[in-house]
Undergrad: 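There's a structure below that I have some questions on.
Both backbone and side-chain heavy atoms feed into the values below; hydrogens, waters and symmetry mates do not. Counting starts at 1 for both ligands and their atoms, following the listed order. We count residues from 1, following the sequence as given.
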Amino acid sequence: MALERTLSIIKPDATRRNLTGAVNAKLEGAGLRIVAQRRVRLTTAQAEAFYAVHRERPFFRDLVTFMVSGPVVAQVLEGENAVARNREVMGATNPANAAPGTIRKEFAESIEANSVHGSDSAENAAIEIAFFFSGLDIVG
Ligand code: CMP
């Protein structure tokens, strides 16, 4: 398996509780390297654009409101099989279903305030990385 990159977001529920370092320790402990990182406060338009794929879902409006409720930390993670590895260490979307030791099991507050986002495929990772970062920002 080749070296891969994926987009991670530490969400407002986690930044609010000062968990950026704790989440990063989990990511690095899983063998992922943080090769770009930026703390930003998304605008409503930016959050709507990032989650455009979910715009018909019943939770879309609440999700956007939550994602602009505080700062987020966008990150590029690099490693072998990084997309799948990140999804493994994040745990299930709903923390009630997340495996022990995962980020969401340990830190998430609810299915919405679930502490982290991670790209679901290599194709979406490329799109999501480009949403937050230019090539010059990524230092492997
Ligand atoms: P994320 O991986 O960022 O992708 C979409 C987000 O929508 C998801 O994590 C959750 O934070 C949020 N969400 C809220 N309700 C739901 C739901 N019922 N199913 C899936 N995602 C949800």
Undergrad: Determine, considering heavy atoms only, which of F66, F59, F60 sits nearest to atom 20 (C) of ligand 1.
TA: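 Residue with the shortest heavy-atom distance to the ligand atom: F59.
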Undergrad: I'd like to check which ligand 1 atoms, numbered from 1 as shown, lie under 4.0 Å from a non-hydrogen atom of R104.
TA: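 Counting atoms of ligand 1 from 1, those under 4.0 Å from R104 are 2 (O).
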Undergrad: Run the salt bridge (Lys or Arg N to Asp or Glu O under 4.0 Å) check on E48 and R61 step by step: do they pass?
TA: CA-CA 9 Å; E48 287 172 350; R61 199 33 58 201; 3.0 Å; yes
Undergrad: Are any of the N/O atoms on N114, whether in the backbone or the side chain, positioned under 3.5 angstrom from an N/O atom of ligand 1?
TA: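 Yes; at least one N/O pair falls below 3.5 Å.
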Undergrad: Run T6 and R85 through side chain to side chain donor-acceptor pair (under 3.5 Å) and show every step you take.
TA: CA-CA 10 Å; T6 190; R85 191 171 287 196; over 6 Å; no
Undergrad: Here's a test for you: under side-chain contact (heavy atoms from CB on, under 4.5 Å), which of R39, R16, K11 qualifies with P71?
TA: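 It is R39; the other options fail the test.
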Undergrad: Does the R104 side chain pair with the main chain of G91, one donor and one acceptor, at a distance under 3.5 Å?
TA: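 Yes, R104 side chain to G91 backbone: donor-acceptor pair under 3.5 Å.
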Undergrad: Ignoring angles and geometry beyond distance, decide whether V116 reaches within less than 3.5 Å of ligand 1 through its nitrogen or oxygen atoms.
TA: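 In this structure, V116 places no N or O atom under 3.5 Å from an N or O of ligand 1.
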Undergrad: Dump the intermediate steps for side-chain contact (heavy atoms from CB on, under 4.5 Å) on F50 and E128, then the final yes or no.
TA: CA-CA 8 Å; F50 182 81; E128 293 182 359; 3.7 Å; yes
Undergrad: Select one of side chain, backbone, both or neither to describe which atoms of L63 lie under 4.0 Å from any atom of ligand 1, heavy atoms only.
TA: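 It is the side chain that gets close, since no backbone atom is under 4.0 Å.
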Undergrad: Taking atom 5 (C) of ligand 1 as the point of reference, which of M90, H54, H117 owns the nearest heavy atom?
TA: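 Of the listed residues, H54 has the closest heavy atom.
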Undergrad: What is the minimum heavy-atom distance between I138 and I129, and which atoms define it?
TA: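 Heavy-atom minimum between the residues: CD1-CG2, 3.7 Å.
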Undergrad: Apart from V23 itself, which Ile, Leu, Val, Met, Phe, Trp or Tyr residues share its cluster (side-chain heavy atoms under 4.5 Å, direct or through members)?
TA: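 Members other than V23 - counting any ILVMFWY side chain reachable under 4.5 Å - are I10, L19, L27, L32, I34, V73, L77, V89, M90, I103, F107, V116.
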Undergrad: Between K11, M67, R87, E112, flag the one that comes closest to atom 9 (O) of ligand 1 by a heavy atom.
TA: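 Among K11, M67, R87, E112, the closest heavy atom to atom 9 (O) of ligand 1 belongs to K11.
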Undergrad: Just which atoms of ligand 1 are under 4.0 Å from any heavy atom in Y51?
TA: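 With Y51 as reference, the close atoms of ligand 1 come out as 1 (P), 3 (O), 4 (O), 5 (C).
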Undergrad: What protein heavy atom lies closest to atom 10 (C) of ligand 1? Include the residue and the distance to one decimal.
TA: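 Protein heavy atom at minimum distance: I111 O, 3.2 Å.
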